[in-house]
Amino acid sequence: MKVMNNEEERLRIGNRIKEERERMKLSYRDLSELSGVTPNNIWKIEKGKYNVGFDILCRLAKSLNCQIEITRCV
(Lines give C-alpha, C1' and ligand atoms only; values in the text may rest on other atoms or scores of the structure.)
Protein backbone atom coordinates (compact mmCIF):
# COMPACT_ATOMS: atom_id res chain seq x y z
CA MET A 1 0.00 0.00 0.00
CA LYS A 2 1.33 3.44 -0.96
CA VAL A 3 1.68 5.95 1.86
CA MET A 4 0.23 9.31 0.83
CA ASN A 5 2.08 12.54 1.40
CA ASN A 6 0.29 15.47 3.06
CA GLU A 7 -0.81 17.07 -0.20
CA GLU A 8 -2.27 13.81 -1.51
CA GLU A 9 -4.10 13.25 1.77
CA ARG A 10 -5.55 16.79 1.73
CA LEU A 11 -6.79 16.17 -1.83
CA ARG A 12 -8.32 12.82 -0.86
CA ILE A 13 -10.19 14.35 2.07
CA GLY A 14 -11.27 17.34 -0.02
CA ASN A 15 -12.58 15.10 -2.78
CA ARG A 16 -14.66 13.10 -0.30
CA ILE A 17 -16.16 16.28 1.14
CA LYS A 18 -16.96 17.53 -2.37
CA GLU A 19 -18.55 14.19 -3.32
CA GLU A 20 -20.82 14.27 -0.28
CA ARG A 21 -21.69 17.96 -0.74
CA GLU A 22 -22.64 17.36 -4.37
CA ARG A 23 -24.50 14.13 -3.52
CA MET A 24 -26.65 16.17 -1.14
CA LYS A 25 -27.03 18.87 -3.82
CA LEU A 26 -25.54 21.53 -1.55
CA SER A 27 -23.74 24.64 -2.75
CA TYR A 28 -20.70 26.02 -0.93
CA ARG A 29 -23.03 28.57 0.65
CA ASP A 30 -25.49 25.87 1.80
CA LEU A 31 -22.73 23.83 3.44
CA SER A 32 -21.31 27.01 4.94
CA GLU A 33 -24.63 27.82 6.59
CA LEU A 34 -24.95 24.27 7.95
CA SER A 35 -21.38 24.00 9.23
CA GLY A 36 -20.32 27.54 10.10
CA VAL A 37 -17.28 27.20 7.80
CA THR A 38 -16.87 29.98 5.25
CA PRO A 39 -17.60 29.13 1.59
CA ASN A 40 -14.06 30.19 0.70
CA ASN A 41 -12.58 27.76 3.23
CA ILE A 42 -14.83 24.95 2.00
CA TRP A 43 -13.55 25.59 -1.55
CA LYS A 44 -9.93 25.54 -0.30
CA ILE A 45 -10.53 22.30 1.63
CA GLU A 46 -12.09 20.62 -1.40
CA LYS A 47 -9.15 21.68 -3.57
CA GLY A 48 -6.60 20.44 -1.02
CA LYS A 49 -5.28 23.97 -0.51
CA TYR A 50 -6.13 24.20 3.19
CA ASN A 51 -4.84 22.10 6.06
CA VAL A 52 -8.19 21.51 7.73
CA GLY A 53 -8.23 21.09 11.50
CA PHE A 54 -10.08 18.29 13.24
CA ASP A 55 -12.78 20.56 14.69
CA ILE A 56 -13.66 21.97 11.26
CA LEU A 57 -13.56 18.50 9.73
CA CYS A 58 -16.00 17.31 12.42
CA ARG A 59 -18.38 20.22 11.69
CA LEU A 60 -18.32 19.44 7.97
CA ALA A 61 -18.85 15.72 8.57
CA LYS A 62 -21.79 16.37 10.87
CA SER A 63 -23.33 18.78 8.34
CA LEU A 64 -22.96 16.13 5.61
CA ASN A 65 -24.33 13.34 7.84
CA CYS A 66 -20.99 11.54 7.64
CA GLN A 67 -18.58 9.99 10.10
CA ILE A 68 -14.84 10.46 10.20
CA GLU A 69 -13.05 7.14 9.93
CA ILE A 70 -9.38 6.36 10.37
CA THR A 71 -8.16 3.37 8.41
CA ARG A 72 -5.14 1.37 9.39
CA CYS A 73 -2.27 1.65 6.95
CA VAL A 74 0.12 -1.25 6.76
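Nothing fancy with the numbering, it's 1 onward along the sequence.
Using a distance-only test at 3.5 Å, with no hydrogens or angles considered, no donor-acceptor pair links the side chain of N41 to the main chain of V37. The closest donor-acceptor contact from the side chain of S35 to the backbone of S63 lies at 3.5 Å or more, if one exists at all.
With sequence neighbours excluded, no residue forms a side-chain hydrogen bond (donor to acceptor under 3.5 Å, both in side chains) with E22. The side-chain hydrogen bond (donor to acceptor under 3.5 Å, both in side chains) test applied to E9 returns R12, not counting sequence neighbours. For R10, there are no side-chain hydrogen bond (donor to acceptor under 3.5 Å, both in side chains) partners, not counting sequence neighbours.
With contacts defined as side-chain heavy-atom distances shorter than 4.5 Å, the pair M24/N65 qualifies.
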Full working for side-chain contact (heavy atoms from CB on, under 4.5 Å) between I42 and Y50
CA-CA 9 Å; I42 293 170; Y50 183 77; over 6 Å; no
Could you walk me through whether D55 and R59 pass the side-chain contact (heavy atoms from CB on, under 4.5 Å) check?
CA-CA 6 Å; D55 291 341; R59 289 177 15 207; 5.6 Å; no
May I have the step-by-step check of side-chain contact (heavy atoms from CB on, under 4.5 Å) for L31 and L60, ending in yes or no?
CA-CA 8 Å; L31 183 53; L60 291 171; 3.9 Å; yes
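The CD1 atom of I68 sits 4.0 Å away from atom CG of L57, with the distance rounded to the nearest 0.5 Å. How far NZ of K18 is from CD of E46: 6.5 Å, rounded to the nearest 0.5 Å. Taking NZ from K62 and CD from Q67, the interatomic distance works out to 13.0 Å, rounded to the nearest 0.5 Å.
With hydrophobic clusters built from ILVMFWY side chains whose heavy atoms lie under 4.5 angstrom apart, Y28 does not share a cluster with L11.
Nearest heavy-atom pair across L64 and R23 is O-NH2, 4.3 Å.
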